[in-house]
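Pasting a structure here, questions to come.
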Amino acid sequence: MIICSGRPAAAFTSFVFLDRDGILNVDRSDHVKHWSEFQFYPDALEALRRLRRRKIEVILVSNQSALNRGLTQWNDFLDIHRNMLQRIRAEGGDLLAAFYCPHRPDEACDCRKPRPGMLRAAADLYGVPLHATTMMGDKVTVGH
């Protein structure tokens, strides 16, 4: 599991978990492998700005098996994250943290959604009350 983390704002007491591909950006059947392939949904940046205004911390939790499949390189993956976060912040939103699972489905790790590893790690790190937190994704089960 890869964690890109920040420090929670003292006034923020609510949290929301968001998937990346299919929620913030257009998902691709061949995976988002480079920043040039990343396309925010039209309302995603506004939604993140509104969450920030309402003092809701956003934690990204995303399967990124393109890493362990060898479809994208680590430097490209980090470039996507860095550019995405820069754009989110430029538009008035923010992410408290991003948890990424680089494993393929056959690796059977605990961090790959729909397993709870990334959510539990975030809960432990930030004191997130999982029973009172929402997870927003684009699939009932996550299979890629």
Side-chain angles (χ1 to χ4, degrees), residues 1-9 12-126 128-130 132-144:
M1 180 180 347
I2 306 150
I3 304 169
C4 300
S5 177
R7 176 176 285 192
F12 288 38
T13 58
S14 296
F15 299 86
V16 64
F17 290 103
L18 298 180
D19 192 3
R20 190 188 82 179
D21 302 332
I23 295 296
L24 294 184
N25 62 287
V26 176
D27 199 1
R28 296 172 54 110
S29 61
D30 64 341
H31 303 275
V32 177
K33 302 171 294 303
H34 304 279
W35 175 243
S36 63
E37 298 175 339
F38 191 97
Q39 179 185 357
F40 279 104
Y41 277 116
D43 296 336
L45 294 168
E46 173 63 24
L48 290 169
R49 181 173 41 251
R50 287 180 183 208
L51 289 168
R52 184 107 185 119
R53 284 187 196 147
R54 293 180 182 193
K55 301 192 181 315
I56 298 171
E57 292 282 16
V58 177
I59 299 173
L60 204 66
V61 289
S62 181
N63 292 341
Q64 293 299 316
S65 67
L67 285 162
N68 279 17
R69 292 173 196 242
L71 300 174
T72 192
Q73 301 302 310
W74 284 96
N75 58 331
D76 292 320
F77 165 77
L78 293 172
D79 187 55
I80 293 167
H81 175 78
R82 186 174 32 258
N83 282 295
M84 176 192 69
L85 186 57
Q86 182 179 34
R87 179 81 188 280
I88 289 169
R89 287 178 174 163
E91 296 291 328
D94 204 0
L95 299 178
L96 171 60
F99 290 73
Y100 295 106
C101 172
H103 304 108
R104 298 179 316 269
D106 63 299
E107 292 179 272
C109 67
D110 187 49
C111 62
R112 185 172 174 78
K113 294 181 299 168
R115 292 186 176 155
M118 289 189 282
L119 300 177
R120 287 185 179 151
D124 291 346
L125 186 61
Y126 294 111
V128 175
L130 292 177
T133 303
T134 299
M135 168 70 201
M136 296 173 66
D138 64 326
K139 297 176 181 74
V140 175
T141 60
V142 182
H144 70 283

- side-chain contact (heavy atoms from CB on, under 4.5 Å) partners of Thr134, counting only residues at least two apart: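 Residues passing side-chain contact (heavy atoms from CB on, under 4.5 Å) with Thr134: Val16, Met136.
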
- Nearest non-hydrogen partners of Leu24 and Leu18, listed with the distance: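 Heavy atoms only, the tightest pair is CD2-CD1, 4.1 Å.
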
- Message: Under the rule for side-chain contact (heavy atoms from CB on, under 4.5 Å), what residues qualify as partners of Ala122, not counting sequence neighbours?
- Response: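 So Ala122 forms a side-chain contact (heavy atoms from CB on, under 4.5 Å) with Phe17, Ile59, Phe99.
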
- List for me each residue that meets side-chain contact (heavy atoms from CB on, under 4.5 Å) alongside Tyr41, sequence neighbours excluded, and say none if there are none.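 Testing Tyr41 for side-chain contact (heavy atoms from CB on, under 4.5 Å), a comparison that skips the adjacent residues, returns Val26, Ala44.
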
- Test item: Cys111 and Met118 side chains (from C-beta on) under 4.5 Å apart, heavy atoms: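 Yes, their side chains come closer than 4.5 Å.
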
- From CD1 (Ile23) to CE (Met135), nearest 0.5 Å: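 These two atoms lie 7.5 Å from each other.
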
- Message: According to side-chain contact (heavy atoms from CB on, under 4.5 Å), who are the partners of Glu107, at least two apart in sequence or on a separate chain?
- Response: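 Glu107: side-chain contact (heavy atoms from CB on, under 4.5 Å) contacts with Asn68, His103, Arg104.
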
- Query: Parallel, tilted or perpendicular for Phe40 and Phe38, by the 30°/60° rule?
  - Reply: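 Because their plane-to-plane angle is over 60°, the rings of Phe40 and Phe38 count as perpendicular.
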
- Message: Nearest 0.5 Å, please: how far is CG in Asn75 from NE2 in His34?
- Response: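 With rounding to 0.5 Å, NE2 (His34) is 9.5 Å from CG (Asn75).
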
- Task: Work out which heavy atom in Arg52 is nearest to a heavy atom in Gly93; give both atom names and the distance.
- Result: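 So the two residues come closest at CD-C, 4.1 Å.
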
- Query: With a 4.5 Å limit on heavy-atom distance, are the side chains of Asp21 and Gln64 in contact?
  - Reply: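 Yes, their side chains come closer than 4.5 Å.
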
- Message: Measuring from atom CG of Asp138 to atom CG of Asp27, what distance do you get when rounded to the nearest 0.5 angstrom?
- Response: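 The CG atom of Asp27 is 6.0 Å from CG of Asp138, to the nearest 0.5 Å.
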
- Heavy atoms only: give me the nearest Thr133-Phe15 pair and the separation to one decimal.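 Where Thr133 meets Phe15 most closely, the heavy atoms are CG2-O, 3.3 Å.
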
- Query: Listed by chain and number, what are the side-chain hydrogen bond (donor to acceptor under 3.5 Å, both in side chains) partners of Arg115, not counting sequence neighbours?
  - Reply: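 Partners of Arg115 by the side-chain hydrogen bond (donor to acceptor under 3.5 Å, both in side chains) criterion come out as none, since no residue qualifies.
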
- Which residue pairs pass the salt bridge (Lys or Arg N to Asp or Glu O under 4.0 Å) test with at least one member in residues 71-86, sequence neighbours excluded?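 Of all non-adjacent pairs touching residues 71-86, those that pass salt bridge (Lys or Arg N to Asp or Glu O under 4.0 Å) are Asp79-Arg82.
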
- Query: In chain order, what residues pass the side-chain hydrogen bond (donor to acceptor under 3.5 Å, both in side chains) check against Thr72, with sequence neighbours excluded?
  - Reply: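 Partners of Thr72 by the side-chain hydrogen bond (donor to acceptor under 3.5 Å, both in side chains) criterion come out as none, since no residue qualifies.
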
- Query: Could you state the interatomic distance from CG (Asp110) to CZ (Arg120), rounded to the nearest 0.5 Å?
  - Reply: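 That separation rounds to 6.5 Å.
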
- Task: Heavy atoms only: give me the nearest Glu37-Lys33 pair and the separation to one decimal.
- Result: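 Shortest heavy-atom separation between Glu37 and Lys33 comes out as OE1-N, 2.7 Å.
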
- Close side-chain approach of Val128 to Leu119, heavy-atom, < 4.5 Å: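 No - every pair of side-chain heavy atoms lies 4.5 Å or more apart.
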
- About how many Å separate CG of Asp30 and CG of Leu71, when rounded to the nearest 0.5 Å?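 The distance works out to 8.5 Å.
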
- Item | Atom pair CD1 (Ile80) and CG (Leu85), whose distance is rounded to the nearest 0.5 Å |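 Answer for the CD1-CG pair, Ile80 versus Leu85, is 13.5 Å.
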
- Qualifying residues under salt bridge (Lys or Arg N to Asp or Glu O under 4.0 Å), relative to Arg49, sequence neighbours excluded: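 Result, salt bridge (Lys or Arg N to Asp or Glu O under 4.0 Å) vs Arg49: Glu46, Glu91.
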
- Task: Please examine the side chains of Asn25 and Met84, heavy atoms only from C-beta on, and report whether any two atoms are closer than 4.5 Å.
- Result: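 A side-chain contact is absent here, since even the closest heavy-atom pair is not under 4.5 Å.
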
- Would you please test Asp19 and Val61 for side chain to side chain contact (heavy atoms under 4.5 Å, CB included) and show each step? CA-CA 5 Å; Asp19 192 3; Val61 289; 5.7 Å; no

